[in-house]
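Okay, structure first, notes after.
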Amino acid sequence: MRLDIAHRSRPCRGETANGDAVWLGEWIHRPVFAVFDASGHGAQAAEAARAACGVLDRWDGTPDLPALAARLHQELRGSRGSAGLVALLDHPEGGPATLRGFGVGNVELRALDRTISALLTPGILGVRLRRRIHVFEIPLQVGDRLMAFSDGIRGRFFDREYHQGLSPAALCDSLLRDHGRPHDDATVLVADVLDDA
Ligand SMILES: [Mn+2]
């Protein structure tokens with residue numbers, strides 16, 4: 001099982017610096033994606049989002065999500081702070097595939113045509129975070145479509161009609177065009193779950 005991922009991000013109207021950011025990587029053969037939405041917008045927000053991505057760049061790949069959340073919280077101290085969602089595809093040999101992750105603050109994760117329970121933890125990385133974060137585990141099937149987005153994307157776009165014929169990249173473009181709020185940085189990441197073949 002693998003993920004076909006596309007993402008788009010743009011700053012709010014009147015800004016060149018983007019306080020949202022996407023990070024993609026691989027930890028010990030597990031694909032990982034993250035979306036950050038730093039508080040506010042502009043240069044300081046962009047700095048916080050960059051700092052969050054830097055933490056992931058330096059992470060050694062240990063799939064310990066509470067430890068990663070704690071590290072993000074610690075390293076973002078003194079910055080504007082950031083909402084963030086981090087998720088990885090766990091696919092043990094012969095076992096079921098699972099998307100495992102956490103979200104702090106307002107970065108949502110939804111699936112097309114099915115309800116998933118990607119429960120978020122309230123707080124702001126770098127500003128306030130409860131001791132126990134919620135780690136979600138979502139069983140995945142080939143054909144699933146996942147969407148992670150910052151609060152600069154709003155609206156109802158979870159019915160199949162809207163998605164008809166759209167690749168992950170085309171869907172990202174459509175969502176920014178149709179559902180992006182002009183006065184907030186906006187980011188969307190789409191991941192289709194595909195067979196290895
Ligand atoms: Mn935002």
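Numbers for residues simply follow the sequence, beginning at 1. For ligands, and for the atoms within them, numbers begin at 1 and follow the listed sequence.
Checked against the 6.0 Å centroid criterion, the rings of H179 and Y162 qualify as a close aromatic pair.
F136 places a side-chain heavy atom less than 4.5 Å from the side chain of L109.
The pair R8-D173 counts as a salt bridge, with a side-chain nitrogen and a carboxylate oxygen less than 4.0 angstrom apart. Between D196 and R2, none of the side-chain N atoms (NZ, or NE/NH1/NH2) sits under 4.0 Å from a carboxylate O, so this pair counts as no salt bridge.
In this structure, a donor-acceptor pair under 3.5 Å is absent between the side chains of S9 and D20.
Rounded to the nearest 0.5 angstrom, L99 CG and I138 CD1 are separated by 5.5 Å.
Around the Mn ion (ligand 1), the protein N, O or S atoms closer than 2.8 Å are D37 OD2, D151 OD1, D184 OD2, listed by chain and residue number.
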